[in-house]
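Side-chain atoms are counted along with the backbone in the values below, which use heavy atoms only and exclude waters and symmetry mates. Lettering follows sequence order; numbering is per chain, from 1.
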Amino acid sequence: MDIKELYQEIVLDHGKNPRNKKKCHGFNKDAKGHNPLCGDKVHVFVKLDKEKKVEDISFEGEGCAISMASASIMTETIKGKEFNVAKKILENFLNMLKEGSKMSINSLTEDENTTMMSLSGVKRFPMRVKCATLAWHTFIHAAEGKEETAVTE
Amino acid sequence: MDIKELYQEIVLDHGKNPRNKKKCHGFNKDAKGHNPLCGDKVHVFVKLDKEKKVEDISFEGEGCAISMASASIMTETIKGKEFNVAKKILENFLNMLKEGSKMSINSLTEDENTTMMSLSGVKRFPMRVKCATLAWHTFIHAAEGKEETAVTE
Amino acid sequence: MFMDIKTIKSQFPIFKNKINGKSLIYLDNANSSQKPKCVIDRISKFYSKEFSNIGRSVHSLAVTATNRFEETRDLMKEYINAKSREEIIFTKNATEAINLVASTFGEKFINSGDEILITELEHHANYVPWHFLRKKKGAIIKFAKCNDKGEVNVDEIKKLITNKTKIISITHLSNVTGYIMPIKEIVDLASEKKIPVLVDGCQGAPHLEIDMQKLGCDFYAISCHKMYGPTGVGVLYAKKKWLDVLPPYQGGGGMIEEVKKDSITFPGSPTKYEAGTLQTAEVVGFSESIRFIKDVGIKKIMQHEKEILEYGLEQIKKNNTVRIIGDPKNRGSIISFTIKGIHPHDIATILDEDGVAIRAGHHCCQILHEKMGIAASARASLGIYNTKEDIDVLSSSIKKCNKVFNT
Amino acid sequence: MFMDIKTIKSQFPIFKNKINGKSLIYLDNANSSQKPKCVIDRISKFYSKEFSNIGRSVHSLAVTATNRFEETRDLMKEYINAKSREEIIFTKNATEAINLVASTFGEKFINSGDEILITELEHHANYVPWHFLRKKKGAIIKFAKCNDKGEVNVDEIKKLITNKTKIISITHLSNVTGYIMPIKEIVDLASEKKIPVLVDGCQGAPHLEIDMQKLGCDFYAISCHKMYGPTGVGVLYAKKKWLDVLPPYQGGGGMIEEVKKDSITFPGSPTKYEAGTLQTAEVVGFSESIRFIKDVGIKKIMQHEKEILEYGLEQIKKNNTVRIIGDPKNRGSIISFTIKGIHPHDIATILDEDGVAIRAGHHCCQILHEKMGIAASARASLGIYNTKEDIDVLSSSIKKCNKVFNT
Ligand SMILES: Cc1ncc(COP(=O)(O)O)c(C=O)c1O
Ligand SMILES: Cc1ncc(COP(=O)(O)O)c(C=O)c1O
């Protein structure tokens, strides 16, 4: 396998030009995430409405291409979805990274699916799985209002 | 070689019935010795006259047969000798224990020599050399007026 | 899988060697046990094929090494039935494990006049660290009394508990008398008053079935080299609720979260307690010790050692110059003894001539020896590879002591 | 004996393995070095033929093991030219060595308002322990500034010294910029004011000629696993005059003199500082590392690494997307760098595909990275087995990073 499978064009693009990398307007939840091994850091901002729908979501932070791309892709994918749906997507995503299964959730459009799948190369790089999941865990922390920093271990 | 070479009759006798095991009358120097590995302990009392002759010497303490015998033999051998001669005897004794040489100092009577040589079996038992030398080092500490406990290491 | 003792013993390369021309009879297991081939080979293999510093690099070797290392944590968690892997901290030895608790717990929870409850049976490793605390904080150490049988009754502990008692720190199995403490009872007693209990499990872990959730203690210190494992590794088990509130112990790389010139933050356990480069190869090697023990089966180890212990006591008691130190009802595989008129070091030397390795001294238990009215004793302590024949040689060697000393 | 690098490299079994199908190019030596066969075999042999706990038993195995262990102390004493063997203390790693000093020296000599002088180059191991002291005692930590070249000039240290300065604690060789501190000059400066100097010698000991009597420092911390030695061992060198007055560190068996219920006395060094069962096999194994280094010759190691370092700097500088962190004049064999637009972890992953093992991160030097305006860097660090070919692969792998990321 080629290293290009890890660094697919979509990943590189999101890594270099991350979407929603800012403090989004009117957020009502936020949380910080930290990967102590690499030093990757993210701060996720979420605007949840009363029905627990993600009205808006954004992030700030710095880290490797995988962590930035993953955060960027996450914000794009989740925006406008119910929190519960977002959680299911995360589960699906984790399975993909850990067991190599395909994304199989029908709440994703084909485009969203393709974008998520661009991170599938990570599964061959166990040490990088944490980079790919940091933003997601941090989002859950934010949405569930946990106090501590999300730490990938 | 038989274990009996370590535990020769003379050694066993001195071990069981140590000579000069008391606080001798009118001592003017004393020191404590300790072998932290085994817990052997001796306290040596010396009466040195102005010319640095060992007028009297005795010890108290507890420990293995080798350490007690060695202390007992030491007091018998050294009593009445000059401090410098005693030091030479010790040197000679250490050489015997470490390099297996014979006691070769002419300030010893034949009897004294035989008695000292009864400890020669120790040389084959490196861990026991400290037992055999503890009282001697403590004597030097006492005579030279050192403050600290003599420790065999 | 059933294995007879001969098969088990054959896995320990050391027994192929001669000691003073004799077969090695190793009865110094309470001090440190011998290592099976699988452990020795695992270490060699790790250095030859997989070595890298762990947890700090992203390259393949580092990833593999980290996984192997963390695998041992999982195995240990499972073996002692801890609730989570975060409760398993690797230390240099059991002594460090106890120092870690005394230092961090002491810093946070112990003040002048507070009481630390230990027993007269304790190894220096479970007294000296508390002594430091006594000096630093003006705390008080209380010693629960041990009786002539070498037992500490629960009542002795009970009557020393006051509302000043901040921690109870006790051995699981005495390394001198072999007494097995009723840990569960003591924990029950202590938890009524919300007093945490530290168990010095150095002799417990290799010889007893241990289950943290059943025992219920707050801390448990383990010495891996007594569990057929490599030197240089100990384990501290601690309930997560403690690890969450106690301060870090040693500072350095790998145990920090964010470092600034005026402040430093720390991650959770076990990271917080594992500073600097760890004993990577040793921890990886230890995984094989756990597997070895599981393969043999701790029940089988206990049963076998009990059999040899009973035979040993029976044989040695026949010699009426021998005094056995303590006679506890609930006893692990340790026999400490003296011979009338012969100092323990002389015993050890004479036994060694016959290839019999025992320990002589105070076994790091001066308080107990003083209590028993002796300065030192000889100690035979068993492992899985010991046999009745070993005991026979021991007995006849003891007789030889009598002969040499004409006693 | 002259040995070419190929012969030397062939003594390290790890290089027989493939990483991702490629030959291993190990450039993570500042993290931990690989182990030669003699070290690996020594450990196996020790466990298979000689194992026993040391210093506590009188039987033959224990005597041999103790001798082997203490032999390493003698070798180390000689290797670093300490004045006496009592000045060599075995610790778990260099981190513990520094913690030992910070804790015991701090307890005895540091009070509120006192100053500890370190530098911006320090590894967390030489900052966090002092931070604990700062919190406990209300002491102040001053950081001597490092310049753009990654150097700390003596003047920067000089100007921070006040009559409140109680200790100066500095690295010998920066594990990020490779800068070699002028230790002797700093020691001279400090001794005018009677201020002790601790040197974090983790990177010094494996790569420089070290002579305690020439350096004149008071404390020197060593990481044996970076000296082609086993994990689980560090060394603290300390001048005897300090060891005589500092309190003990960890408490337990083997480090006591007399233990009573109300008081405990301690022996001298090194015994006082070596509590519990030591890393017996590891220390014995380390004797072979010292012999290995002596056989190759530290002068040869220095000369060879310098050659490869210079070639490396030359090659890497050709790539104008690469920024090398620091440019010290006096430099050890470390090259930390970043590539424009590519995060160090991505670099490490791409290099790893080619079998090149480097480290990415802050290398336990967050203060320095912040100073340099970066969160992380990639680091290639050399050992005796590295060759110009290794550098060529590194350079072409870096180019591959550019290609993957289109930079
Ligand atoms: C400069 C420096 N100091 C301290 C350390 C810590 O050494 P150890 O991990 O052996 O405790 C290291 C290595 O990680 C280092 O490079
Ligand atoms: C009961 C007990 N506690 C503590 C220790 C100390 O263990 P370690 O030497 O592994 O630190 C020992 C063994 O020496 C022991 O038997």
Side-chain angles (χ1 to χ4, degrees), chain C residues 13-14 17 19-20 28 31-32 34-35 40 43-44 47-49 51-53 56-61 92-96 99 123-125 128-129 131-132 143 223 225 230-232 250-253 256 259 261 264 275-277 279-282 345 348-349 352 357 359-361 364 366-367, chain D residues 13-14 17 19-20 28 31-32 34-35 40 43-44 47-49 51-53 56-61 92-96 99 123-125 128-129 131-132 143 223 225 230-232 250-253 256 259 261 264 275-277 279-282 345 348-349 352 357 359-361 364 366-367:
Chain C
I14 194 97
N17 303 286
I19 303 296
N20 300 316
D28 198 15
N31 195 348
S32 196
Q34 295 297 340
K35 322 303 172 202
I40 304 172
I43 296 172
S44 291
Y47 281 133
S48 302
K49 295 189 189 286
F51 181 73
S52 157
N53 202 341
R56 305 188 181 183
S57 295
V58 230
H59 56 77
S60 301
L61 280 177
K92 152 170 91 168
N93 49 29
T95 300
E96 177 169 81
N99 276 274
H123 188 280
H124 295 158
V128 187
H131 168 74
F132 290 161
F143 293 85
S223 190
H225 64 93
T231 49
Q250 295 181 331
I256 55 89
V259 174
K261 278 191 182 171
I264 302 180
T277 300
Q279 311 87 301
T280 327
E282 295 72 31
H345 288 132
T349 298
D352 187 49
R359 183 159 173 209
C364 301
Q366 282 193 357
I367 303 284
Chain D
I14 193 101
N17 304 288
I19 302 298
N20 300 317
D28 198 14
N31 196 347
S32 196
Q34 294 298 338
K35 320 304 172 201
I40 305 172
I43 296 171
S44 291
Y47 280 132
S48 302
K49 294 189 189 285
F51 180 73
S52 157
N53 201 341
R56 303 190 182 181
S57 294
V58 230
H59 56 76
S60 300
L61 280 177
K92 152 170 90 170
N93 50 27
T95 300
E96 177 169 79
N99 276 273
H123 187 280
H124 295 159
V128 187
H131 167 75
F132 290 161
F143 293 85
S223 189
H225 64 93
T231 49
Q250 293 180 332
I256 54 89
V259 174
K261 278 191 182 171
I264 303 182
T277 300
Q279 312 87 300
T280 327
E282 295 72 31
H345 288 130
T349 298
D352 188 49
R359 184 161 172 208
C364 301
Q366 281 193 357
I367 303 284

Student: Under 4.5 Å from any heavy atom of chain C, what part of D:I14 do you find: side chain, backbone, both or neither?
Tutor: both
Student: Compare every heavy atom of C:Q250 with every heavy atom of D:N99, then report the nearest pair and how far apart it is.
Tutor: OD1-CA, 3.4 Å
Student: Which atoms of D:Y47 are under 4.5 Å from chain C, going by heavy atoms: the side chain, the backbone, both sets, or neither?
Tutor: both
Student: Could you list the residues that satisfy side chain to side chain donor-acceptor pair (under 3.5 Å) with D:Q279, not counting sequence neighbours?
Tutor: none
Student: Given the options D:I19, D:V128, D:N20, D:L61, which has more heavy-atom pairs under 4.5 Å with chain C than any of the others?
Tutor: D:V128
Student: When only pairs under 4.5 Å are counted, which of D:A125, D:G232, D:S48 shares the most heavy-atom pairs with chain C?
Tutor: D:S48
Student: So which part of D:I43 gets closer than 4.5 Å to some heavy atom of chain C, the side chain, the backbone, both or neither?
Tutor: side chain
Student: With heavy-atom distances below 4.5 Å as the criterion, would you say the side chains of D:T277 and C:T95 are in contact?
Tutor: no
Student: Heavy-atom pairs under 4.5 Å with chain C: which of D:K261, D:Q34, D:E96, D:H131 has the most?
Tutor: D:K261
Student: Answer yes or no: is there a donor N or O on one side and an acceptor on the other, between the side chain of C:N53 and the main chain of D:N31, under 3.5 Å?
Tutor: yes
Student: Considering only heavy atoms and a distance below 4.5 Å, find which of C:S32, C:S60, C:S52, C:P230 pairs most often with chain D.
Tutor: C:S60
Student: Against chain D, work out which of C:A348, C:A94, C:S44 has the most heavy-atom pairs shorter than 4.5 Å and name it.
Tutor: C:S44
Student: How far apart are the closest heavy atoms of C:G251 and D:P129, and which atoms are they?
Tutor: O-CG, 3.5 Å
Student: For chain C, which of D:I264, D:I256, D:N93 has the most heavy-atom pairs under 4.5 Å?
Tutor: D:I264
Student: Holding to side chain to side chain donor-acceptor pair (under 3.5 Å), I want the full list of residues that pass it with D:S223, two or more places apart in sequence or in another chain.
Tutor: D:H225
Student: First locate atom NZ of D:K92, then atom CD of C:E282, and finally report the distance between them rounded to the nearest 0.5 Å.
Tutor: 11.5 Å
